Amino acid sequence: MNDVLYVHIDGNVHSFWTKATVARSIERGAYSFELTLTDSFESNTETSPRVIKRGQAVEIFINKEKILTGYIDDVNPSYNATTHTLQVTGRSKIGDLIDCSTEGKQFKIGQTLLQIATALCSDFAIDVIVDDSATAAANEAFTSDHMLDIGQPIWEFLEELARIKAVLLVSNSGGNLVITRAGSALADVALELGVNILAASGTFSHRNVFSEYTVCAQQASNPLTLVDSTAKTQPKATVASDLERHRPNVLSADNPSDTAACKTRAEWQKNVSESRAESVVYTVQGWRQKDGGILWQPNSLVSVKDGWMDWNGQFLMPETRIVLDENGSFTELKVTPKSAFDLVPENEKAADDLGFLL
């Protein structure tokens, strides 16, 4: 059975696209799509710029399997003497959280990430789902108040809270918010040079790699709320890398922290920065891992055997891109070390752990 891409726009089914890309990523929150129709003026087409409008609801399917639920962001029609082109782009429902802000809201001590996310998502008809890997973190109460500032994007605020609890916020095929961690499921098929890899493009960057990573604690508003017996000044910690060139990086902790928490945060920053500096995008034929199998899924592991890139072992796929163009159907798979998304909790409390040292 051949796979067919169907796009439901406000309930009407369209399958006429000459080009299509659907990107499902755990890095950007919202899934995204770009659809293109190009036809001659003599052709009979089933749509026009007046039929498809910005803001319309969208569901995208491969055969009967839904892969995205969201809205159209942009409709871009154009034409010349012989052809007309219609380009449509959009994102899953979480795009509203990324774009929108509020007049501000305070969330009192004792609330959980799940409760806060549910309260903020409800106005957008977005459900919050907790993956088994993140159940404890999503239901653990915060030990301090948290403020959504006036004009602050909702997604930015939720990501700050997610970082404290060491979880990821991602979309799913229904456009809803999923609280999860880096995946552990292994793809059924390996990516192997000379077998199923059609093309590859690597990125190995030095820009965000440093010789040392220093994390400084925030200045506590009350000197008794954070006391560290090992530090005579505001707590901080430095972790060195193997890089010989002098390239220091200093950050401020997201919350009041002791020296141990600063060190944990610095170690996490080192691991993530070095891991995210390396990635490869592999192109494979079709949209499924094998004939009759499942689609390539983001946030899953894949075995790689690629001597030319010198990449061998298991890696995480943070993004998969379903592609349809004049050359056929393909999937582009971004592959990176799993440690790029291995999170550690930050110490969002200090006095509770340390007690008041007088």
Side-chain angles (χ1 to χ4, degrees), residues 3-39 45-79 84-101 117 120-129 153-156 158-159 168-178 281 287 295-299 318-326 329-334:
D3 287 322
V4 179
L5 187 76
Y6 295 100
V7 182
H8 296 219
I9 301 177
D10 272 358
N12 297 313
V13 181
H14 301 277
S15 58
F16 51 82
W17 308 103
T18 53
K19 292 184 179 181
T21 301
V22 181
R24 299 183 295 166
S25 174
I26 66 172
E27 296 181 276
R28 296 188 299 274
Y31 293 174
S32 63
F33 62 88
E34 181 176 323
L35 311 168
T36 303
L37 165 68
T38 301
D39 256 323
T45 61
E46 63 177 278
T47 192
S48 75
R50 292 185 299 276
V51 175
I52 296 178
K53 301 178 181 179
R54 59 188 178 179
Q56 288 180 309
V58 172
E59 294 179 311
I60 300 179
F61 294 80
I62 293 179
N63 301 335
K64 295 182 179 180
E65 182 177 350
K66 184 188 293 187
I67 60 172
L68 186 148
T69 304
Y71 304 100
I72 292 174
D73 285 328
D74 307 291
V75 178
N76 303 315
S78 62
Y79 64 84
H84 68 259
T85 300
L86 179 64
Q87 185 182 67
V88 179
T89 65
R91 293 166 295 168
S92 58
K93 294 194 297 183
I94 286 177
D96 284 343
L97 302 179
I98 296 172
D99 296 343
C100 296
S101 55
L120 292 173
C121 289
S122 60
D123 289 340
F124 299 91
I126 295 173
D127 295 329
V128 180
I129 300 164
I154 296 170
W155 183 258
E156 178 184 279
L158 289 175
E159 279 201 314
L168 298 170
L169 302 180
V170 303
S171 185
N172 66 2
S173 60
N176 296 308
L177 177 66
V178 181
V281 176
W287 298 331
L295 299 172
W296 291 98
Q297 300 294 333
N299 199 26
E319 180 174 329
T320 64
R321 295 171 64 88
I322 292 167
V323 179
L324 172 68
D325 61 21
E326 62 274 9
S329 303
F330 307 91
T331 305
E332 296 175 350
L333 309 169
K334 182 176 180 181

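A quick note: this is a predicted structure, and the numbers were derived from the prediction, not measured. The analysis underlying the following values was restricted to heavy atoms, covering all of them including side chains, and did not include hydrogens, waters or symmetry mates.
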Where is the tightest heavy-atom contact between I154 and S101, given as atom of each residue plus distance?
CG1-CA, 4.4 Å
If you count heavy atoms of other groups shown closer than 6.0 angstrom to NZ of K66, is the number above 12?
yes
Run the numbers on W155 and L177 for side-chain contact (heavy atoms from CB on, under 4.5 Å), then give the verdict.
CA-CA 11 Å; W155 183 258; L177 177 66; 3.6 Å; yes
Name all residues meeting the side-chain hydrogen bond (donor to acceptor under 3.5 Å, both in side chains) criterion together with D10; count only those two or more places apart in sequence or in a different chain, and write none if there are none.
Q56
Does any N or O in the side chain of T69 come within less than 3.5 Å of the main-chain N or O of S173, such that one atom is a donor and the other an acceptor?
yes
I'd like to know if the side chain of K93 reaches the main chain of A125, judged simply by a donor and an acceptor atom lying under 3.5 Å from each other, with no hydrogens or angles considered.
yes
Could you tell me whether the side chain of V170 reaches within less than 4.5 Å of the side chain of N299, counting heavy atoms only?
no
CG of L35 to CD1 of I52: how many Å apart, nearest 0.5 Å?
8.0 Å
Nearest 0.5 angstrom please: I26 CD1 to Y31 OH, how far?
9.5 Å
Closest heavy-atom contact between A30 and I94?
N-CG2, 4.2 Å
Measuring from N176:CG to I129:CD1, what's the distance to the nearest 0.5 Å?
5.0 Å
State which residues pass side-chain hydrogen bond (donor to acceptor under 3.5 Å, both in side chains) with Q297; sequence neighbours excluded, sorted by chain then number.
none
Sequence-distant partners of E332, salt bridge (Lys or Arg N to Asp or Glu O under 4.0 Å), two or more places apart:
R321
According to side-chain hydrogen bond (donor to acceptor under 3.5 Å, both in side chains), who are the partners of W296, at least two apart in sequence or on a separate chain?
none
Inter-residue atom distance D74.CG - Q87.CD, 0.5 Å rounding:
8.5 Å
Let me see the working for W17 and V88 under side-chain contact (heavy atoms from CB on, under 4.5 Å), right down to the final yes or no.
CA-CA 10 Å; W17 308 103; V88 179; 4.1 Å; yes
Test item: Y6 side-chain N/O and V13 main-chain N/O as donor-acceptor pair under 3.5 Å
no
Which pair of non-hydrogen atoms, one from Y71 and one from G55, has the smallest distance, and what is that distance?
CD2-O, 3.8 Å
Rounding to 0.5 Å, atoms CD1 (I126) and OG (S92) come to a distance of 8.0 Å
List the atom of G70, the atom of L68, and the distance in Å for their closest heavy-atom pair.
N-CD2, 3.9 Å
Please name the pair of heavy atoms, one in L324 and one in S329, separated by the smallest distance, quoted to 0.1 Å.
CD1-OG, 3.8 Å
Applying ring pair (Phe, Tyr, Trp, His ring centres under 6.0 Å), name anything that partners F61, two or more places apart in sequence or on another chain.
H8
Evaluate the side-chain contact (heavy atoms from CB on, under 4.5 Å) criterion for residues W287 and L5: first the C-alpha distance (whole Å), next the side-chain angles of each, then the deciding distance (0.1 Å), finally the verdict.
CA-CA 10 Å; W287 298 331; L5 187 76; 4.0 Å; yes
Check for a donor-acceptor pair, side chain of N63 on one end and backbone N or O of V4 on the other, with a separation under 3.5 Å.
yes
Considering all heavy atoms of both residues, which atom of R28 and which atom of S32 are nearest to each other, and what is their separation?
NH2-OG, 4.4 Å
Sequence-distant partners of D73, side-chain hydrogen bond (donor to acceptor under 3.5 Å, both in side chains), two or more places apart
R91
side-chain contact (heavy atoms from CB on, under 4.5 Å) for I322 and R24? Distances and angles first, verdict last.
CA-CA 8 Å; I322 292 167; R24 299 183 295 166; 4.3 Å; yes
Value for CG (D3) from CG (L295), rounded to nearest 0.5 Å, stands at 7.0 Å
